[in-house]
Amino acid sequence: MTSAVLPHGAVPPPVARRTPVRVLPGFNLTLGFTVFYLCLIVLIPLSALLFKTFTLTWPQFWEAVTGPRVLASYRLTFGASFIAAMVNVVFGLLVAWVLVRYSFPGKKIVDALVDLPFALPTAVAGISLTALLAGNGWIGQFLEPHGIQLAFNPNGIVIALIFIGLPFVVRTVQPVLEDAEKELEEAATCLGATRWQTFSRVVFPSIAPALLTGFAMAFARAVGEYGSVIFIAGNMPMVSEITPLIIISKLEQYDYAGATAVATVMLVISFILLLVINGLQSWQRKRSAGNTQ
Amino acid sequence: MNQNNIRTAQRGTTEAPWVRYALTGIALVFMFLFLVLPLAAVATEALRKGWDAYAEALREPDAWSAIRLTFITALVAVPLNLVFGVAAAWCIAKYEFKGKSFLTTLIDLPFSVSPVVAGLIYVLVFGAQGWFGPWLAEHDIKIVFAVPGIILATIFVTFPFIARELIPLMQAQGNDEEQAAQVLGATGWQTFWYVTLPNIKWGLIYGVILCNARAMGEFGAVSVVSGHIRGQTNTMPLHVEILYNEYQSVAAFAVASLLALLALVTLAIKSVAEWRMESELKALAELPPERPTPARGATAGIAN
């Protein structure tokens with residue numbers, strides 16, 4: 001706050017920093033409890049996964065994570081998640097845009113409904129989407145005669161993942177659109193831009209970081225998703241078997257080592273995605289901070 | 001000329017009416033297909049054979065024990081994560097320390113771990129071949145494939161919900177009011193109960209309600225650690241799966257309808273909390289700036 005008043009390059013006086021003085025009590029207690037609970041619930045169990053992986057020899061590990069069925073499941077999981085996240089970017093932007101910019105009756109209800117995939121248990125989403133899309137379902141009965149099958153194959157997986165990921169894009173883009181300054185658009189119009197030019201050159205660049213963040217979050221969620229997918233996927237090996245299901249079926253055959261190896265691959269990927277999302281978010285914060293100054 | 005410019009500018013920030021209607025229409029059709037239809041499908045499938053069959057499915061003892069276990073799980077997991085969430089938000093939002101952003105990232109970690117992996121790690125720690133497996137077997141304690149494992153897995157997947165909701169809220173509110181309370185002689189607990197808690201009330205409710213919805217609805221993680229023993233270690237989502245796989249469609253959708261109802265109640269409470277938070281933040285923004293004389297700003301906050 002103070003740095004805005006100071007001339008460029010001037011160093012703020014050290015007295016201005018008040019934060020290091022800890023007036024409030026409870027720092028040691030709360031930090032101690034936070035770290036303790038974090039270790040107990042998250043870090044120690046997660047480290048068990050890594051230790052178990054290290055007991056495997058490299059060839060064992062490699063064989064477990066590159067079997068043909070496992071490779072097919074990676075392709076399916078990442079491919080379906082990518083397509084679903086792309087669809088979510090398009091429709092998520094559309095829904096966010098309509099919710100922020102236009103008014104229509106029932107808008108508040110529609111706005112609240114966007115979060116349904118967060119609140120609806122994934123198993124319920126899975127069986128109800130299956131009921132809709134199966135050959136005798138409300139939607140399936142119209143598509144089946146035309147040879148379009150949406151349930152019990154990879155199409156169904158994509159649809160379940162679209163359902164799961166939708167709120168991520170809408171809820172990251174919506175606040176950015178709300179804060180976007182209309183003056184910029186007015187200026188663009190006054191300078192002779194068409195509405196489409198204004199959108200693609202002025203509005204879109206300002207929401208692009210949020211869109212990308214939303215994409216990454218929807219993708220990350222989709223990669224790990226299990227509950228909604230297994231009902232609709234059909235779960236045929238090599239065709240519609242997702243990676244989390246591979247872990248489960250290895251566990252059911254008491255192949256703990258194999259399950260652990262595949263789980264480690266998934267864990268490393270989710271670490272990477274988490275770091276990417278954090279990076280995108282801090283980029284987005286910097287961008288919006290730059291805009292308001 | 002000037003008038004003209006203003007008019008162009010206003011026209012320039014929205015689209016032609018037909019574009020507006022078309023975009024709204026597409027968005028609503030998309031929402032209807034993906035969000036409303038599945039809900040409607042749950043209701044109709046559950047009532048396909050009438051109310052009697054529906055009530056029958058819910059009266060079944062296995063369904064009852066699944067409902068009971070779901071509530072027990074949420075009743076243990078949510079308060080634990082609530083205490084953790086408040087403690088984590090307090091130390092992250094109110095203080096500066098080294099490694100703070102790293103700690104925040106670690107707290108977010110369970111969100112990005114696949115639920116199946118979340119279940120697996122507890123099997124590796126407490127399972128028969130796991131770290132504590134032999135010791136637990138010796139003392140005849142069952143964690144995995146029993147209720148404690150289900151609760152642990154649920155705590156893991158709902159771990160960040162409340163902390164994540166509170167941290168930005170408490171950061172935005174700053175420390176001024178708490179510092180004033182300290183200066184006026186309040187103890188740490190008094191400061192928390194009378195100053196901080198009323199301020200974060202709606203954020204807290206929001207976090208708890210989302211945490212609860214996920215705790216009751218978790219499927220993947222719980223399915224790995226549960227062992228699927230009917231009447232003993234089945235939560236509602238697992239019971240839905242078993243019934244569905246046994247082609248007892250009406251019974252499966254009847255239990256699912258309870259979970260869908262829970263989701264709708266969650267959304268309603270969440271929306272109310274959101275509107276209240278928004279109006280409180282707006283009221284805060286309309287207060288006169290606090291900075292010029294810190295003392296006045298602090299007392300104004302207390303009087304509020």
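Every heavy atom of this structure was used, including side-chain atoms; hydrogens, water molecules and symmetry mates were not. Reminder, nothing fancy here: chain letters follow the sequence lines and each chain counts from 1.
With a 6.0 Å radius and a threshold of 12 heavy atoms from other residues, nucleotides or ligands, Phe271(A) has its CZ atom at or below the threshold. Sparse packing is recorded around CD1 of Ile109(A), with 12 or fewer heavy atoms of other residues, nucleotides or ligands lying under 6.0 Å away.
Taking the six-membered ring for Trp and thresholds of 30 and 60 degrees, Phe231(A) and Phe219(B) have ring planes inclined between 30 and 60 degrees apart. Taking the six-membered ring where tryptophan is involved, the planes of Phe84(B) and Phe33(A) are tilted, since the angle between them lies from 30° to 60°.
Residue contact with chain B, scored on non-hydrogen atoms closer than 4.5 Å, is absent for Leu184(A). Neither the backbone nor the side chain of Val262(A) comes within contact range of chain B, judged by heavy atoms closer than 4.5 Å. Heavy atoms closer than 4.5 Å to chain B are found in both the backbone and the side chain of Ala112(A). Heavy atoms of Glu178(B) lying under 4.5 Å from chain A belong to its backbone as well as its side chain. Proximity to chain A involves both the backbone and the side chain of Leu259(B), based on heavy atoms less than 4.5 angstrom apart. Using a 4.5 Å cut-off between heavy atoms, Leu39(B) contacts chain A through its side chain alone, with no backbone atom that close. Looking at Ile159(A), both its backbone and its side chain come within 4.5 Å of chain B, counting heavy atoms on both sides. Neither the backbone nor the side chain of Ser257(B) has a heavy atom closer than 4.5 Å to any heavy atom of chain A. Interface remark: Thr194(A) contributes no atoms to any contact with chain B (heavy atom separation under 4.5 Å). Heavy atoms closer than 4.5 Å to chain B are found nowhere in Phe36(A), neither backbone nor side chain. When heavy atoms are compared at a cutoff of 4.5 Å, Ala163(B) does not approach chain A at all. Interface remark: Leu49(A) contributes backbone and side-chain atoms alike to the contact with chain B (heavy atom separation under 4.5 Å). The contact between Phe156(B) and chain A is made by backbone and side chain atoms together, counting heavy-atom distances below 4.5 Å. Both the backbone and the side chain of Tyr37(A) come within less than 4.5 Å of a heavy atom of chain B. For a residue to count as touching a neighbouring chain, one of its non-hydrogen atoms must lie under 4.5 Å from one of that chain's; by this rule Leu99(A) does not touch chain B. For Pro110(B), the part lying near chain A is the side chain, with the backbone staying farther off; criterion is any non-hydrogen pair under 4.5 Å. Both the backbone and the side chain of Ile44(A) come within contact range of chain B, with heavy atoms under 4.5 Å apart. For chain A, the nearby parts of Ile107(B) are the backbone and the side chain; heavy atoms of each come within less than 4.5 Å. Residue Thr266(B) touches chain A through its side chain alone, counting heavy-atom pairs closer than 4.5 Å. Contact annotation for Asp115(A): both backbone and side-chain heavy atoms come within less than 4.5 Å of a heavy atom of chain B. At a 4.5 Å heavy-atom cutoff, the contact between Leu132(A) and chain B is made by side-chain atoms alone. Proximity to chain B involves both the backbone and the side chain of Ser47(A), based on heavy atoms less than 4.5 angstrom apart. Proximity to chain A is limited to the side chain of Thr44(B), based on heavy atoms less than 4.5 angstrom apart.
For the residue pair Leu120(B) and Ala263(A), the shortest heavy atom distance occurs at CD2-CB, 3.3 Å. The two residues Ala41(B) and Ser128(A) have their closest heavy-atom pair at CB-O, 4.2 Å. When every heavy atom of Ala27(B) is checked against every heavy atom of Leu94(A), the shortest pair comes out as N-CD2, 3.9 Å. When all heavy atoms of Ile127(A) and Phe253(B) are compared, the closest pair comes out as O-CZ, 3.5 Å. Summarising the geometry of Tyr226(A) relative to Gly220(B), their closest heavy-atom pair is CD2-CA, 3.6 Å, with the distance given to 0.1 Å. The shortest non-hydrogen separation linking Trp90(B) to Pro25(A) is NE1-O, 3.4 Å.
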Can Ile230(A) and Glu241(B) be said to form a side chain to side chain contact (heavy atoms under 4.5 Å, CB included), step by step? CA-CA 10 Å; Ile230(A) 52 153; Glu241(B) 185 203 16; 4.0 Å; yes
Test side chain to side chain contact (heavy atoms under 4.5 Å, CB included) applied to Phe51(A) and Leu124(B), step by step: CA-CA 10 Å; Phe51(A) 277 111; Leu124(B) 291 179; over 6 Å; no
Does Val114(A) form a side chain to side chain contact (heavy atoms under 4.5 Å, CB included) with Met31(B)? I'd like the steps, not just the answer. CA-CA 8 Å; Val114(A) 168; Met31(B) 296 269 292; 3.7 Å; yes
Can Lys108(A) and Trp275(B) be said to form a side chain to side chain contact (heavy atoms under 4.5 Å, CB included), step by step? CA-CA 10 Å; Lys108(A) 274 196 163 174; Trp275(B) 296 330; 3.6 Å; yes
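The OG atom of Ser112(B) sits 11.5 Å away from atom CZ of Arg221(A), with the distance rounded to the nearest 0.5 Å. The distance from atom CG of Leu267(B) to atom CG of Leu116(A), rounded to the nearest 0.5 Å, is 5.5 Å. Distance CG/Asp108(B) to CD/Gln281(A): 7.5 Å, rounded to 0.5 Å.
Among Leu267(A), Leu274(A), Val42(A), the single residue meeting the side-chain contact (heavy atoms from CB on, under 4.5 Å) criterion with Val113(B) is Leu267(A).
For chain A, the option among Gly217(B), Cys91(B), Ser271(B) with the highest count of heavy-atom pairs below 4.5 Å is Cys91(B). Contact tally against chain A (heavy-atom pairs below 4.5 Å) for Val123(B), Val117(B), Leu238(B): the top residue is Val117(B). Ranked by heavy-atom pairs under 4.5 Å with chain A, the first of Ala16(B), Gly188(B), Ser114(B), Ser249(B) is Ser114(B). If you tally non-hydrogen atom pairs under 4.5 Å between each of Val110(A), Ile277(A), Asp111(A), Leu275(A) and chain B, the highest count goes to Val110(A). For the set Ile247(A), Val95(A), Leu38(A), the count of heavy-atom pairs under 4.5 angstrom toward chain B peaks at Leu38(A).
Aromatic rings of Tyr21(B) and Tyr102(A) (six-membered ring for Trp) have centroids beyond the 6.0 Å cut-off, not under it. Here Phe91(A) and Phe34(B) keep their ring centres 6.0 angstrom or further from each other.
Counting only heavy atoms from C-beta outward, the side chains of Leu33(B) and Ile139(A) approach each other to under 4.5 Å. Counting only heavy atoms from C-beta outward, the side chains of Leu109(B) and Leu46(A) approach each other to under 4.5 Å. In this structure the side chain of Pro117(A) reaches within 4.5 angstrom of the side chain of Leu35(B), judged on heavy atoms.
Lys100(B) is linked by a salt bridge (Lys or Arg N to Asp or Glu O under 4.0 Å) to Glu96(B), counting only residues two or more places apart in sequence or in another chain. Judged as a side chain to side chain donor-acceptor pair (under 3.5 Å), and not counting sequence neighbours, Asn235(A) has no contacts.
A donor-acceptor pair under 3.5 Å is formed between the side chain of Tyr95(B) and the backbone N or O of Leu24(A).
Both the sub-6.0 Å distance and the 45° axial angle are not jointly satisfied by Lys52(A) relative to the ring of Trp131(B).
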